[in-house]
Amino acid sequence: VGPDNDARFGELYRCYFQLIRAFCRRRLERDLVDDAVAEVFVTAWRRLDSVPAGDAALTWLYGVAYREVGHQWRSTARRRRLHARLLSVVRRPESAADESLIDGIEHRLVLDAAARLRGTDAEVLRLVAWEQLSSDDIAAVLEITANAVKQRLHRAKRNLAREYRRLEARHIASADTSHGGDQ
Amino acid sequence: MITDNEVLRLFEEADPARAPDTAPVTDAVSYLHTLWSSTNLPAVATVPASIPAPRRRARTAVAAVAAVSVLVLGALISRDDEPAPPQIGTTPPTTTFDVRREVDDLHAQAIATAYSTLSAQVRSICAAAKERHEADVAAAAIDPADPQALSAWSESMARDLEETLPELRALVAPTVIRDLWELTYSRLAQLPTAWRNPNATGAASAAGIIHAVEYEFGLMDCTLGSPR
């Protein structure tokens with residue numbers, strides 16, 4: 001059984017390591033990514049018997065990664081809270097990917113817009129746009145119904161566009177003011 | 001004006017993982033070795049390798065089930081950070097052998113493994129909550145040694161525990177220990193109320209619940225702390 005487990009783990013690692021790493025890079029600061037990925041694979045190793053066969057293994061790993069990222073978010077928020085000595089709850093850094101990876105003002109605006117969405121709505125959006133998951137797979141990752149996924153995706157798309165337009169207008173107005181000031 | 005679909009496309013393009021990944025590529029064996037050396041990874045895969053020969057194994061399982069309950073087994077495992085197969089009972093099987101002969105040692109092992117995994121998850125969640133609680137206490141400048149600050153401290157404990165309950169609730173316990181976990185969780189869920197009620201006594205008090213969770217259910221270090 002030992003060698004079988006090693007082989008099974010090796011298969012998971014080879015097939016999904018890069019995908020899980022990309023998942024974490026999309027959601028966490030650079031220095032947290034390695035730990036998060038390691039946690040995912042530690043969990044996979046510990047629970048090899050629970051990892052489903054075939055493509056469903058990736059969905060299972062995404063589910064673990066989703067919870068681990070949530071844990072990292074809470075840790076980050078906690079550190080900030082301690083640092084600032086604030087009693088109020090710090091907003092979760094929904095879009096906490098490494099800033100240096102974000103290219104261009106439009107991308108920065110759209111990520112900021114996504115960060116303003118409700119937690120699960122934003123996650124549905126990320127899983128659709130970045131992990132390219134189906135509604136059923138997203139439902140498995142988030143442990144909600146496929147119907148709820150569809151509703152949240154619809155709402156997320158609508159709100160993302162609304163927030164984007166708002167941020168874009170603000171950015172243009174700010175640029176105009178700055179430009180006028182220069183003159 | 002930019003449309004909803006165009007914004008979504010922008011969002012797709014803004015994928016932070018599109019940038020090249022600078023992580024060193026390694027093979028599965030090396031990565032597993034790294035995980036082993038950097039964590040207290042339970043030796044799930046090595047358990048079968050250390051199982052004695054079938055005959056002895058059957059006798060051990062019978063002795064195990066006869067000697068200790070699942071709860072005590074869980075307690076033993078959760079107190080021990082080192083990966084190990086279930087250390088159960090040294091009493092040689094006597095008359096219980098016939099009574100219990102249908103008991104499968106693999107079942108006992110499944111329970112042990114499941115409980116070990118679950119307790120590690122619970123402990124990890126509670127460790128994070130405890131850290132959060134300590135941060136809250138520090139932020140609110142509550143002196144834990146000050147008797148006047150007892151209610152503020154208890155309220156903070158209750159609040160942090162309440163925040164943790166959804167995470168604990170979301171844990172999926174393997175079937176073999178699901179009932180046990182449901183019972184444990186129901187006691188943990190009573191803890192915030194207990195913290196807020198300094199007049200509670202016995203099993204309804206924070207001390208009573210902590211005792212039940214940590215000792216009766218074997219989830220050591222899984223209640224954020226001890227009553228002051």
Side-chain angles (χ1 to χ4, degrees), chain A residues 1-6 9-14 17-18 21-23 25-27 33-34 38 41-42 45-50 67 70-71 74-75 78-79 81-82 85-87 97-98 100-104 106-111 113-114 125 128-130 143 157-158 160-161 164-165 168, chain B residues 1-19 21-23 25-29 31-32 34-36 38-49 51 110 113-114 116-117 120-121 124-125 128-129 131-132 134-136 138-141 163 167 170 172 174:
Chain A
V1 180
D4 286 350
N5 277 357
D6 288 349
F9 182 84
E11 183 192 356
L12 290 174
Y13 178 85
R14 277 190 302 278
F17 178 80
Q18 291 300 343
R21 200 175 150 75
F23 181 99
R25 289 177 68 213
R26 287 166 180 142
R27 291 159 176 83
V33 170
D34 286 338
F41 280 93
V42 162
W45 173 255
R46 282 177 170 148
R47 301 181 58 192
L48 268 182
D49 291 345
S50 307
R67 282 180 282 281
H71 179 69
R74 284 187 290 278
S75 298
R78 201 158 52 244
R79 281 199 300 276
R81 182 167 51 179
L82 182 62
R85 285 284 191 270
L86 292 174
L87 281 169
D98 189 343
S100 67
L101 299 178
I102 303 169
D103 181 31
E106 287 179 329
H107 291 169
R108 192 173 296 275
L109 285 178
V110 79
L111 290 176
L125 206 56
V128 166
W130 295 345
E143 296 180 336
K157 281 168 69 174
R158 189 188 60 210
L160 178 73
Y164 179 84
R165 287 191 282 266
E168 187 184 43
Chain B
M1 188 171 70
I2 190 165
T3 66
D4 292 5
N5 284 335
E6 285 168 337
V7 173
L8 185 61
R9 199 172 313 123
L10 261 183
F11 185 68
E12 286 172 7
E13 291 169 2
D15 180 358
R18 282 195 170 195
D21 191 358
T22 54
V25 178
T26 182
D27 61 282
V29 175
Y31 189 71
L32 186 57
T34 306
L35 293 183
W36 265 98
S38 61
T39 66
N40 290 326
L41 196 56
V44 174
T46 63
V47 169
I51 289 176
T113 304
S116 175
T117 303
Q121 291 173 319
S124 165
I125 291 171
E131 201 182 319
R132 193 166 60 237
E134 287 167 356
D136 286 344
E163 279 182 27
E167 253 184 294
V172 180

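So that the names make sense, note that chain A is the first sequence line, chain B the second, and so on, each numbered from 1.
- When all heavy atoms are compared, the tightest approach of B:F11 to A:W130 is O-NE1, 2.9 Å.
- Looking only at side-chain heavy atoms (C-beta outward), A:K157 and B:V7 stay at 4.5 Å or farther from each other.
- Heavy atoms of B:E6 lying under 4.5 Å from chain A are absent altogether.
- Under the 4.5 Å side-chain criterion, counting only non-hydrogen atoms from C-beta, A:R165 is in contact with B:D4.
- Taking every heavy atom of both residues into account, A:R26 and B:A17 meet most closely at NE-CB, 3.5 Å.
- Residues satisfying the salt bridge (Lys or Arg N to Asp or Glu O under 4.0 Å) test with A:E143, not counting sequence neighbours, are A:R67.
- Within the 4.5 angstrom heavy-atom criterion, no atom of A:L12 approaches chain B.
- For the atom pair B:L10 CG and A:E168 CD, the distance stands at 8.5 Å (nearest 0.5 Å).
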